[in-house]
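See below for the structure under consideration.
For clarity, every value in this text was computed on a predicted model and none was experimentally measured.
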Amino acid sequence: MNAMGRWIPLLTCFMISSCATVAPPPPQARAELAAGGKLRAAINLGNPVLAQKDAATGEPRGISVDLARELARRLEVPVELVVFDAAGKVFEALQTNSWDIAFLAIDPARATEIAFTAPYVLIEGTYLVRTDSPLGTIEDVDRDGVHVAVGSKSAYDLYLSRTLKHAQLARAPTSQAALEMFLQEKLEAAAGVKQSLVALARTRSDLRVMDGRFMAIEQAMGTPKRNAAGAQYLRQFIEEMKKSGFIAKGLERSGQGDATVAPPAPDQ
C-alpha cells in the first residue's frame with residue numbers, strides 16, 4: 001500500500017468524526033440563547049436525577065448542570081445557573097423571562113410555550129404506597145376514594161390530571177412537599193420519579209414502591225418558542241451529547257447511572 005493509501009482510512013475517520021460533531025453555533029442561535037451576553041440555565045433541584053445540591057459546597061451539580069456548562073462553552077459565554085425547587089416553578093418563570101434554557105419533561109401543556117429538543121433521559125413515573133396498602137398494581141390506584149400526592153405542575157401532575165378518572169390528586173408546592181403530605185396526611189399514594197421514591201422507601205420499612213410505571217417521563221432541553229434558531233441548535237447539541245457518551249458519563253458521575261439515556265431522535 002502506498003503512502004496515499006495508508007492515509008485514506010485516517011482521513012475518512014477524521015471526516016466522519018467531524019461530521020458527527022455539532023458545528024459552531026450560528027450567530028443567530030448564539031444571539032437568541034445568550035441575548036444578555038450570558039446563558040441563563042434553569043436548574044430544577046426537585047428532580048434529583050437531573051440535578052443535586054453538592055453536599056460540600058451547596059452548589060448545584062448533575063447532568064443538567066454539565067449540559068448547561070458545555071453549551072455555554074460552545075456559545076463562548078458565561079453561564080448563570082438559575083435554581084428552582086420544582087419544575088412547575090421553572091415553567092412559571094418563563095413568564096418573567098428568567099431563563100434562556102431549561103431542563104424539563106416534555107408535556108403538551110408546556111410545549112405551547114417551549115420549544116423542546118428530543119429527550120435525552122428517560123425516567124419512570126410510579127407510585128409510593130404503604131407496605132400494607134391494598135393497592136397492588138398501577139391500575140389499582142385509579143379508584144374512588146384514593147388520594148394521590150403530587151408536586152404541583154410536575155410532569156406527572158400534568159399527566160395524571162389528564163388520565164386519572166376516579167382517584168383525586170392532592171397537590172403540594174414541590175415534589176418533596178408532596179412526599180411529606182403523603183406521610184403526614186396518610187394519603188393512599190404518592191406519585192413521583194422512581195429514583196426519589198425508591199430512596200425514601202429504603203429508609204422506611206412501612207413503605208414500598210409499586211412495580212411498573214404509569215408513565216415514561218421524557219426529559220429534554222427547552223428554550224422559549226421565540227428562539228427558533230436557538231431551538232434548532234439545541235436539538236443538534238442534544239443528539240451529539242447522547243451519541244458521544246457525554247450524558248451517560250454525566251449521569252454515572254452524579255450517581256444516577258441507573259437512569260436511561262434516551263435513544264437518538266428518529267430524524268437524526
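No donor-acceptor distance shorter than 3.5 angstrom exists from the side chain of Asn227 to the backbone of Gly230, with no hydrogens or angles considered. Under a 3.5 Å cut-off, the side chain of Lys242 and the backbone N or O of Pro119 do form a donor-acceptor pair. Side chain of Arg235 to main chain of Ala265: no donor-acceptor pair is present (N/O by atom type, distance under 3.5 Å, no hydrogens or angles). The backbone N or O of Ser133 sits less than 3.5 Å from a side-chain atom of Arg208, completing a donor-acceptor pair. Checking side-chain atoms of Thr117 against main-chain N and O of Leu234 turns up no donor-acceptor pair under 3.5 Å. Between the side chain of Arg110 and the backbone N or O of Ala105 there is at least one donor-acceptor pair closer than 3.5 Å. Looking only at distances, a side-chain donor or acceptor of Asp140 sits under 3.5 Å from a matching main-chain atom of Gly136. In this structure a side-chain-to-backbone donor-acceptor pair under 3.5 Å is present from Asp142 to Lys165. At distances below 3.5 Å, at least one donor-acceptor pair connects side-chain atoms of Ser244 with backbone N or O atoms of Glu240. Of the possible donor and acceptor atoms, none in the side chain of Arg74 sits under 3.5 Å from a partner among the backbone N and O of Phe237.
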Please test Asn47 against Phe103 for side-chain contact (heavy atoms from CB on, under 4.5 Å), starting from the C-alpha separation and ending with a verdict. CA-CA 10 Å; Asn47 186 334; Phe103 301 85; over 6 Å; no
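At a threshold of 4.0 Å, the pair Arg162-Asp107 counts as salt-bridged, since one of the basic side-chain nitrogens sits closer than that to a carboxylate oxygen. For Glu70 and Arg73, the salt-bridge test passes: some basic side-chain N is under 4.0 Å from an acidic carboxylate O. Residues Arg61 and Asp66 are not paired through a salt bridge, judged by the lack of any N-O separation under 4.0 Å between the basic side chain and the carboxylate. Classification of Arg204 and Asp206 as a salt-bridged pair holds, one side-chain N sitting under 4.0 Å from a carboxylate O. Ion pair Glu239/Lys243 not flagged as a salt bridge, since none of the NZ, NE, NH1 or NH2 atoms sits closer than 4.0 Å to an Asp/Glu carboxylate oxygen.
At least one side-chain heavy atom of Tyr156 sits less than 4.5 Å from a side-chain heavy atom of Met215. Contact check for Ser64 versus Asn44: no side-chain heavy atoms found under the 4.5 Å cut-off. Taking 4.5 Å as the limit, some side-chain heavy atom of Phe182 sits within range of a side-chain heavy atom of Leu207. Side-chain atoms of Lys89 and Thr174, non-hydrogen and from C-beta on, do get closer than 4.5 Å to each other.
Residues Ile106 and Leu158 do not share a hydrophobic cluster, clusters being chains of Ile/Leu/Val/Met/Phe/Trp/Tyr side chains in contact below 4.5 Å. Residues Leu67 and Leu45 do not share a hydrophobic cluster, defined by chaining ILVMFWY side chains whose heavy atoms lie under 4.5 Å apart. At a threshold of 4.5 Å between side-chain heavy atoms, the hydrophobic network of Ile, Leu, Val, Met, Phe, Trp and Tyr places Val90 and Leu39 in two separate groups.
Residues Ser161 and Leu169 approach most closely at OG-CD1, 3.5 Å, considering heavy atoms. Taking both residues in full, the closest heavy atoms of Gly212 and Thr126 are given as O-OG1, 3.1 Å, listed atom of the first, atom of the second, then distance. When all heavy atoms of Asp157 and Gly151 are compared, the closest pair comes out as CB-O, 3.4 Å.
Under the ring-ring contact (aromatic ring centres under 6.0 Å, His included) criterion, the residue pairs touching residues 115-153 are Tyr127-Phe214, with sequence neighbours excluded.
With Glu113 as the fixed residue, the side-chain hydrogen bond (donor to acceptor under 3.5 Å, both in side chains) test singles out one of Arg226, Gln95, Lys225: Gln95. Residue Glu139 is tested with Thr137, Leu135, Val141 for a side chain to side chain contact (heavy atoms under 4.5 Å, CB included); the sole match is Thr137.
A distance of 10.5 Å separates CD1 in Ile138 from CZ in Arg213, rounded to the nearest 0.5 Å.
In the model, Gln28 has a side-chain atom that pairs as donor or acceptor with a side-chain atom of Glu32 under 3.5 Å.
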